[in-house]
Amino acid sequence: MRAGLARRVDQVQARSLAIDPDQYLAVAERHSAGGPRIGLSGLLGRLKRARKGLVIGNFARALGERRSGPA
């Protein structure tokens, strides 16, 4: 990304994958970075700590509908 074009991320969509969990784990293990498993709650917690005010949900909001402040 060129200088001056950075975008601030203020919302992350989280949805169920609706796939076989065993099949997902087999693919994830082959492509992982090899670190410890942190689970979905660990991932969401890390995202919230990394970006103050981040909104995590499973629906889209228009820019004017987004909440200000910590999520």
Side-chain angles (χ1 to χ4, degrees):
M1 186 175 284
R2 294 187 319 222
L5 295 180
R7 302 274 189 236
R8 178 181 155 140
V9 174
D10 56 15
Q11 179 176 333
V12 173
Q13 270 194 351
R15 296 182 180 191
S16 63
L17 296 176
I19 63 171
D20 181 317
D22 293 328
Q23 189 176 25
Y24 170 77
L25 287 174
V27 171
E29 286 174 351
R30 285 196 310 269
H31 296 282
S32 77
R37 296 177 184 178
I38 62 171
L40 187 55
S41 61
L43 170 65
L44 296 178
R46 285 186 182 192
L47 289 173
K48 286 181 177 183
R49 287 189 300 275
R51 168 59 179 86
K52 185 176 180 176
L54 182 67
V55 175
I56 298 174
N58 63 354
F59 52 88
R61 296 183 195 156
L63 188 59
E65 296 174 332
R66 295 182 187 168
R67 212 171 73 187
S68 297

Problem set entry | Leu54-Leu40 co-clustered via ILVMFWY side chain contacts under 4.5 Å | yes
Seminar exercise, completed: Between the CG atom in Leu25 and the CZ atom in Arg30, the distance rounded to the nearest 0.5 Å is 11.0 Å
For this session: Determine whether more than 12 heavy atoms belonging to other residues, nucleotides or ligands lie under 6.0 Å from atom CD of Glu29.
Result: yes
Seminar exercise, completed: Looking only at heavy atoms, the pair that brings Val9 and Arg51 closest together is O-NE, 2.7 Å
Problem set entry | Value rounded to 0.5 Å, distance of CD1 in Ile56 from CD in Gln13 | 12.0 Å
